[in-house]
Amino acid sequence: MPTGDNPETETSKVPSDFIRDIVAQHLAEGKYPQIHTRFPPEPNGYLHIGHAKSICLNFGIARDFGGICNLRMDDTNPTKEEVEYVESIQKDVQWLISDWADDKIGLKPKGETPEQKDVNGKTDFHLPAKVGQASCLSLESADGDRQDASPTLEPFYASDYFDPIFEYALQLIRKGKAYVCDLSPKDTDEYRGAPDRPGKESPWRNRSIEENLDLFQRMRAGEFPDGTRSLRAKIDMAAPNVWLRDPLLYRIRHAEHHHTGSKWCIYPLYDFAHCLSDYIEGITHSICTLEFEVHRPLYDWILESLELPRPRPHQYEFAKLIPSYMIVSKRKLIQLVNEKLVTGWDDPRLPTISGIRRRGITAQALRNFAIGVGVTKYISVTDIAVFEHAIREDLNKRALRRLAVLRPLKVVIINYPEDKIEELDATNNPEDPNGGTRKIPFSRELYIDADDFMEVPAPKYFRLKPDGEVRLKYAYIIKCEEVVKDADGNVTELRCTADLDSKSGGATSGRKIKGTIHWVSAEHAVDAEVRLYDRLFTVPEPDADGDFKKHINPNSLQVITAKCEPSLAGAKPGERYQFERLAYFCLDQDSAPGKLVLNRTITLKDAWSKEVRK
RNA sequence: UGCCCGAUAGUGUAACGGUAGCACAAGUGACUCUGAAUCACUUUGUCAUGGUUCAAAUCCAUGUCGGGCAGCCA
């Protein structure tokens, strides 16, 4: 049994923030019987670390307050959205919340759409969530042993509400609060004015209700080409908030939609669709990022104007996560992928959730980070060191220790018999008392890492040096007797003697030796392709000057062949490894039988390199 | 010259009128068969100016600085 598989590395402190304070107060006041949040990504790209914060916030609130968090595709723009993204989003959300807020996810029966009913004499649309399991979202039966607990559930889709939303638009028209406008996109822009200059009313603003109704129906029927007409809210062209200057509610788009097919040729805009989607699902707290703050009056205006019979949702905004040395903008991420600056959406250098997963970072580490950064309205850059700390903290507890040599330097133990092989005991994980041990072979010819020998040692260097002693982890203390070089003066081999009584547990094994290094038996070592990943960008704010591509780290990936202890031949996809004194690694999906491919997740902290820099 | 939002150590975040705390980072030392981990210690902070108050990071006013908003994107 592999141990250290599921250490509890979840941060235990209870998060508190201004949004949770509001939720707690609402609960105390009895304002809502149950808290209901939602996570509403647009399927136009892969989820990234910023979304992880939002997921942790929305699902975390559901978790802390006994609520539900709906997963919803905010898919109102058919020209940008794709099924590939829908699927990746489901997979990433499932992975992130699994074993944490697994049972808080609000889903719906497959194919179900809102039911129309009468509430207090008013037409109403409602689609209540069914509490599912994150595993319901699993698209692959890959794991074999995991059966789809409930294959009949799926995420919510804003596009499932196109009928009710259309109906609500009709209601707005009937109330004289919306009109069909014939202005071109360009004219609409001009009429809107500017933040410091009032707009001008559209000449089509005062059409009769009948005419508006007729025109809107004909828009839906496909009588008009894209961009020729739109449905607009009738609010106030002189409003200081530009989003209240008769914002568009519907545009004509003769386009195939990934979820609704060719049923529609008009599509509601975000502002109209989002508040109504929240209402239809019975959301209580609609949490979004700061840039939507100026949209909140419109969110409220639409729901108020409709005089809806059930309690209305309210919007709250927080500052999104911006980690240093990363790019978190869907537009720019898509650029990196399309221009092949990275290998794909799941490139381990990318801050996408799928990239993070492939890198070997666990969901728990990501969560600890995303929760730990806190929730405020202050826009800030989070030091990547905080993320790296969360990764190391988690991996330190769960990773199996292994010996592997990244840049091999041959060592021959000249006083050790040629044909002798010893099996030495090695601890799997000193952090895990039940981690157990394994055997590693020792023989006359070994590899050590080139970094662990210096012919002319730097001050305070206490690894191997000519005539110096060093301890081989789990094995003997050796002394460097001879340095062998090639014609160019490169060190090719070290000839050493071992203190044969100093084997771990042996008579002289207690001798004070400052340095301990890792090694592998040359004859028994297995080769592995090792991908050494580093930060994708060389500067803390890659896009500060608007030219992030200029700051791509040319050394963000180095591929080498490492010599690994033989037990690594049996490396498993879910396991995490620490190559002692080096870094954390995980098996990459490119591995095949007989071909090991390992990703470096993150290096160990390295006080020596810091010393060298001084 | 418009509206909205924000400002607490280097970074992020608490303190909800009553001792400015935590994490990361940085530094020093201890320990170490991982220069890791762990442990101990240390440095550094309320944007400014007024006001209210016995008492202000917190309330008020003014200012300064930073951010967002003028897609038929979300």
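Proteins come first, then strands; the chains are lettered A, B, ... in the order of their sequence lines, and each starts at number 1. No experiment lies behind these values; they were computed from the predicted model shown. No hydrogens, no waters, no symmetry mates; every other heavy atom, side chains included, goes into these values.
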Please report the distance, rounded to the nearest Å, between [atom1] in [X] and [atom2] in [N].
X      : N      : atom1 : atom2 : answer
A:R392 : B:rU38 : CZ    : P     : 12 Å
A:D17  : B:rC22 : CG    : C1'   : 16 Å
A:M326 : B:rG12 : CE    : C1'   : 14 Å
A:E393 : B:rA25 : CD    : C1'   : 15 Å
A:I49  : B:rG12 : CD1   : C1'   : 14 Å
A:R613 : B:rA26 : CZ    : C1'   : 12 Å
A:E388 : B:rA36 : CD    : P     : 16 Å
A:L57  : B:rU13 : CG    : C1'   : 14 Å

Check every strand shown and say whether [X] touches a base, only sugar-phosphate, or nothing at a heavy-atom separation below 4.0 Å.
X      : answer
A:K473 : base
A:T76  : sugar-phosphate
A:S380 : sugar-phosphate
A:Y474 : base
A:E431 : sugar-phosphate
A:P430 : base
A:H274 : nothing
A:T79  : nothing
A:F462 : base
A:A194 : base
A:R471 : base
A:L183 : base
A:G505 : base
A:F369 : nothing

(request) Go through the steps to decide whether A:W519 and A:F442 satisfy the test ring-ring contact (aromatic ring centres under 6.0 Å, His included), and finish with yes or no. (result) CA-CA 9 Å; A:W519 54 274; A:F442 183 89; 5.2 Å; yes
(request) May I ask you to verify whether the side chain of A:K514 and the base of B:rU32 hold a donor-acceptor pair under 3.5 Å? (result) yes
(message) Given the structure, check if the side chain of A:D21 and the base of B:rC16 hold any donor-acceptor pair shorter than 3.5 Å.
(response)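 For A:D21, whose side chain was compared with the base of B:rC16, there is a donor-acceptor pair (under 3.5 Å).
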Is [N] paired to anything, Watson-Crick or G-U wobble with both distances less than 3.5 Å, and if yes, which nucleotide?
N      : answer
B:rC59 : B:rG51
B:rC24 : B:rG10
B:rU44 : none
B:rA36 : none
B:rA70 : none

(request) Using the ring of A:Y179 (Phe, Tyr or Trp, six-membered ring only), decide whether A:R232 places NZ or CZ under 6.0 Å from its centre and within 45 degrees of its axis. (result)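 Checked: cation-pi criterion not met.
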Taking only the side-chain heavy atoms of [X] (C-beta and beyond), determine which of [options] contains the nearest atom.
X      : options                : result
A:R401 : B:rC24, B:rA26, B:rU34 : B:rU34
A:Y461 : B:rU34, B:rG35, B:rC72 : B:rG35
A:T376 : B:rU34, B:rU13, B:rC73 : B:rU13

For [X] and [Y], take the angle between the two ring planes, folded into 0 to 90°, and tell me which bin it lands in: parallel under 30, tilted 30 to 60, perpendicular over 60.
X      : Y      : answer
A:Y279 : A:Y168 : perpendicular
A:F292 : A:Y270 : tilted
A:Y250 : A:F166 : perpendicular
A:F387 : A:F369 : tilted

(message) Side chains of A:N44 and A:E42: any donor to acceptor distance under 3.5 Å?
(response)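 Checked: A:E42/A:N44 side chains pair up, N/O donor to acceptor below 3.5 Å.
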Does [N] have its OP1 or OP2 closer than 4.0 Å to a side-chain nitrogen or oxygen of [X]?
X      : N      : result
A:R192 : B:rG71 : yes
A:R251 : B:rA74 : yes
A:K610 : B:rG27 : yes

(message) If you assign each of A:E42 and A:N396 to its closest nucleotide in RNA chain B, which residue comes earlier from the 5' end?
(response) A:N396
(request) With RNA chain B as reference, determine whether A:S504 or A:I252 sits nearer its 5' end, using the nearest nucleotide of each. (result) A:S504
Close N/O contacts between protein and nucleotides 1-7 of chain B (under 3.5 Å):
{"residue": "B:rG2", "atom": "N3", "partner": "A:P195", "partner atom": "O", "Å": "3.1"}

(message) Can you check the distance between B:rU11 and B:rA48, where both ends of the measurement are the P atom (answer in whole Å)?
(response)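 Each nucleotide's P atom is 15 Å from the other's.
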(message) Assess the residue pair A:Y267 and A:F162 against the criterion (ring-ring contact (aromatic ring centres under 6.0 Å, His included)); give the C-alpha distance rounded to whole Å, side-chain angles, the decisive distance to 0.1 Å, and a yes or no.
(response) CA-CA 8 Å; A:Y267 293 91; A:F162 285 170; 5.6 Å; yes
(request) Output yes when A:D271 and A:R296 qualify as a salt bridge under the 4.0 Å nitrogen-oxygen rule, no when they do not. (result) no
(message) Can you tell whether the side chains of A:E293 and A:K377 come within less than 4.0 Å, N to carboxylate O?
(response) yes
(request) Might you work through the ring-ring contact (aromatic ring centres under 6.0 Å, His included) test for A:F585 and A:F579, ending with a clear yes or no? (result) CA-CA 7 Å; A:F585 293 83; A:F579 290 0; 4.1 Å; yes
(request) Enter syn or anti for the glycosidic conformation of B:rG51, syn applying to angles within 90° of 0. (result)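 B:rG51: anti.
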